[in-house]
Amino acid sequence: MRVALAVMAALLLVTGTAAATPRHIEAVAESLHPEGVQWDPTRGQFLVSSLRHGTVSLVSTTGRVRTLVSGTKMVSTFGVQVDRGRLLVAFGDIGYGERQDPGQSGLGIFDLRTGRTISLIDIPNGANDVAVDPSGNAYVTGTRGDTIWKVDRAGTVSAFAKDPRLGGASFGNNGIVWDPRGFLITGHYTNGTLFKVTRGHVEELPAPKLPGADGLTLTPQGLVVVTNKLAAPGKNAVTVLDTRTWQVKSQRDWKTAPTTAARTPHGTYVLSGYIDVLAGGSTTDEFRLDR
């Protein structure tokens, strides 16, 4: 009897977990068009940005959407990161927002629980994505420049690494992650080169070129590189690289134009915010997350 009860309990646990974390999550929110996503471990929900509204919203595993951060000067929001009760968001104006503020580029820091603004910090050259190290320092990419910017816990901005290979005539360094081995990894959106970055030093990784490299996510399986052909000669795909050899472990074509992915306790989810629709001059209320 005890064995039978234990088996039943295990089955219920597995079934409940599967039901709470479906493979495909379809969500609806008025013209949200999220570009960035992160897992909120305090709520067990996703956090998504918005190219259209400049907000950050919570998305449950059932697809329910609730706004957490709004009413700020942010025109569009991009990469999202969570760090010990803080929510960090790269923001700017790339022409897709409801409002305009040409040249806007920065890092927003908010209280994760309430969404209250802690600070809005100007960052040069088109802030796009953000990573955080174990000490709480933030590192922000600037797709319109050749610099990785550091923002310390006090809010002081400094150039962490500068290299012409990070820039270019079009979109340059884009996605960024902190590797627990003590360095940053960033990808060049246009030509697909991946770089290892430490203070004052940029080194090209021996990885295949992945044009359209947008979001980067470290997972137990390897480095997940999400690519799209929104503004580069790449393809809509998700590639997993071995972080020892930097060679391809797996690659899967994507039906939509994905932008990034979030690691969760239930697997890695890839975000499709239908930015191709927005770039084409229309909007949609739909977006999706796929494991």
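Along the sequence shown, residues carry numbers from 1.
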Checklist entry - So does Arg244 have more than 12 non-hydrogen atoms from other groups sitting under 6.0 Å from CZ? => result no
Checklist entry - Between Tyr139 and Asp129, is any side-chain donor less than 3.5 angstrom from a side-chain acceptor? => result no
Checklist entry - Can you tell me how far NZ of Lys150 sits from CG of Asn137, rounded to the nearest 0.5 angstrom? => result 4.5 Å
Checklist entry - Do Arg291 side-chain atoms and Thr21 backbone N/O form a donor-acceptor pair below 3.5 Å? => result yes
Checklist entry - With a 4.5 Å heavy-atom cut-off, do Thr147 and Leu166 have their side chains touching? => result no
Item to check | Other residues, nucleotides, ligands: >12 heavy atoms within 6.0 Å of Arg252 CZ | outcome: no
Item to check | Short N-O contact, Asp242 and Lys249, less than 4.0 angstrom | outcome: no
Next on the checklist: Are Phe91 and Phe78 an aromatic pair, judged by ring center distance below 6.0 Å?
Outcome noted: no
Checklist entry - Hey, are the side chains of Lys73 and Thr117 touching, using non-hydrogen atoms and a 4.5 Å cut-off? => result no
Next on the checklist: For the CG atom of Leu32 and the NE2 atom of His53, what is their distance to the nearest 0.5 Å?
Outcome noted: 5.5 Å
Checklist entry - Do the ring centers of Tyr274 and Phe287 come within less than 6.0 Å of each other? => result no
Next on the checklist: I'd like to know if Val132 and Phe160 are part of one continuous hydrophobic network [Ile/Leu/Val/Met/Phe/Trp/Tyr, side-chain heavy atoms within less than 4.5 Å].
Outcome noted: no
Checklist entry - Leu184, Val202: one ILVMFWY side-chain cluster at the under-4.5 Å cut-off? => result yes
Checklist entry - Sub-3.5 Å donor-acceptor pair from the side chain of Gln221 to the main-chain atoms of Ser250, do we have one? => result no
Next on the checklist: Has Thr114 got a side-chain atom pairing as donor or acceptor with Arg116's backbone, closer than 3.5 angstrom?
Outcome noted: yes
Checklist entry - What is the minimum heavy-atom distance between Ala213 and Gly192, and which atoms define it? => result CB-CA, 4.5 Å
Next on the checklist: Are there over 12 heavy-atom neighbours, none belonging to Arg113, within less than 6.0 Å of that residue's CZ?
Outcome noted: no
Item to check | Check: Val56 and Ser50 side chains under 4.5 Å, non-hydrogen atoms | outcome: no
Next on the checklist: Could you see if Leu88 belongs to whatever hydrophobic cluster contains Val140? Use Ile, Leu, Val, Met, Phe, Trp, Tyr and a side-chain cutoff under 4.5 Å.
Outcome noted: yes
Checklist entry - Mind checking whether Leu223 and Thr217 have side chains closer than 4.5 Å, heavy atoms only? => result no
Checklist entry - Are any of the side-chain heavy atoms of Arg86 and Gln81 separated by less than 4.5 Å? => result no
Checklist entry - What do the steps show when you test Val224 against Thr239 for side chain to side chain contact (heavy atoms under 4.5 Å, CB included), and what is the final call? => result CA-CA 6 Å; Val224 175; Thr239 303; over 6 Å; no
Next on the checklist: Restricting to non-hydrogen atoms, name the atom on Val75 and the atom on Gly92 that form the minimum distance, rounded to 0.1 Å.
Outcome noted: CB-O, 3.5 Å
Checklist entry - Do the side chain of Asp133 and the main chain of Gly136 share a donor and acceptor less than 3.5 angstrom apart? => result yes
Checklist entry - Checking Arg144 against Phe171: charged group under 6.0 Å from the ring centre and within 45 degrees of the axis? => result yes
Checklist entry - Which is it for Val151 and Ile121 under the side chain to side chain contact (heavy atoms under 4.5 Å, CB included) test, yes or no, and what are the steps along the way? => result CA-CA 9 Å; Val151 182; Ile121 301 167; 3.7 Å; yes
Item to check | Exercise: do Ser272 and Thr256 side chains pair donor with acceptor under 3.5 Å | outcome: yes
Checklist entry - When rounded to the nearest 0.5 angstrom, what is the spacing between CG in Asn236 and CG in Asp276? => result 7.5 Å
Item to check | Gap between atom CG of Asp122 and atom CG of Leu107 - 0.5 Å precision | outcome: 10.5 Å
Checklist entry - CG/Asp179 to OG1/Thr198 distance, rounded to the nearest 0.5 angstrom? => result 12.0 Å
Item to check | Over all atoms of both residues, closest heavy-atom pair of Ala207 and Leu241 | outcome: CB-CD1, 4.1 Å
Item to check | Heavy-atom donor-acceptor pair, Thr190 side chain to Gly172 backbone, under 3.5 Å | outcome: no
Checklist entry - Would you say Trp149 and Pro124 make side-chain contact, with heavy atoms under 4.5 Å? => result yes
Checklist entry - Counting distance only, does the side-chain N/O of Thr259 pair as donor-acceptor with the main-chain N or O of Glu35 below 3.5 Å? => result yes
Item to check | Candidate pair Asn125 and Thr143, rule side chain to side chain contact (heavy atoms under 4.5 Å, CB included), full reasoning | outcome: CA-CA 7 Å; Asn125 306 129; Thr143 58; over 6 Å; no
Checklist entry - Can you check side chain to side chain contact (heavy atoms under 4.5 Å, CB included) on Asn173 and Thr186, steps first, answer last? => result CA-CA 6 Å; Asn173 63 108; Thr186 189; 3.7 Å; yes
Checklist entry - Do the charged groups of Asp290 and Arg288 touch, with an N to O distance under 4.0 Å? => result yes
Checklist entry - Say you draw a straight line from CZ of Arg153 to CD1 of Ile109; how long is it, rounded to the nearest 0.5 Å? => result 8.5 Å
Item to check | Any side-chain heavy-atom pair of Val89 and Phe110 under 4.5 Å | outcome: yes
Item to check | Non-hydrogen atoms of Gln251 and Leu210 that approach each other most closely | outcome: NE2-CD2, 4.0 Å
Checklist entry - Between Thr264 (side chain) and Thr268 (backbone), is there a donor-acceptor pair under 3.5 Å? => result no
Item to check | Arg165/Glu203 salt bridge by N-O under 4.0 Å criterion | outcome: no
Checklist entry - Does the pair Phe46 and Tyr269 meet the rule for a ring pair (Phe, Tyr, Trp, His ring centres under 6.0 Å), with working shown? => result CA-CA 10 Å; Phe46 296 93; Tyr269 281 78; 5.2 Å; yes
Item to check | Under 3.5 Å: donor-acceptor pair, side chain of Gln38, backbone of Val80 | outcome: yes
Checklist entry - Hey, is the main chain of Thr55 close enough, under 3.5 Å, to the side chain of Thr77 for a donor-acceptor pair? => result yes
Checklist entry - Hey, does the side chain of Asp285 reach the backbone of Ser31 with a donor-acceptor pair shorter than 3.5 angstrom? => result yes
Checklist entry - Are Lys196 and Phe183 in a cation-pi setup, meaning NZ or CZ lies under 6.0 angstrom from the ring centre and within 45 degrees of the ring axis? => result yes
Checklist entry - Does the side chain of Leu47 come within less than 4.5 Å of Asp40's, by heavy atoms? => result yes
Next on the checklist: Same cluster or not: Leu120 versus Val82, using hydrophobic residues (I, L, V, M, F, W, Y) connected whenever any side-chain heavy atoms lie under 4.5 Å apart?
Outcome noted: yes
Checklist entry - Under 4.5 Å between side-chain heavy atoms, hopping through other hydrophobics if needed: is there a path connecting Val238 to Val225? => result no
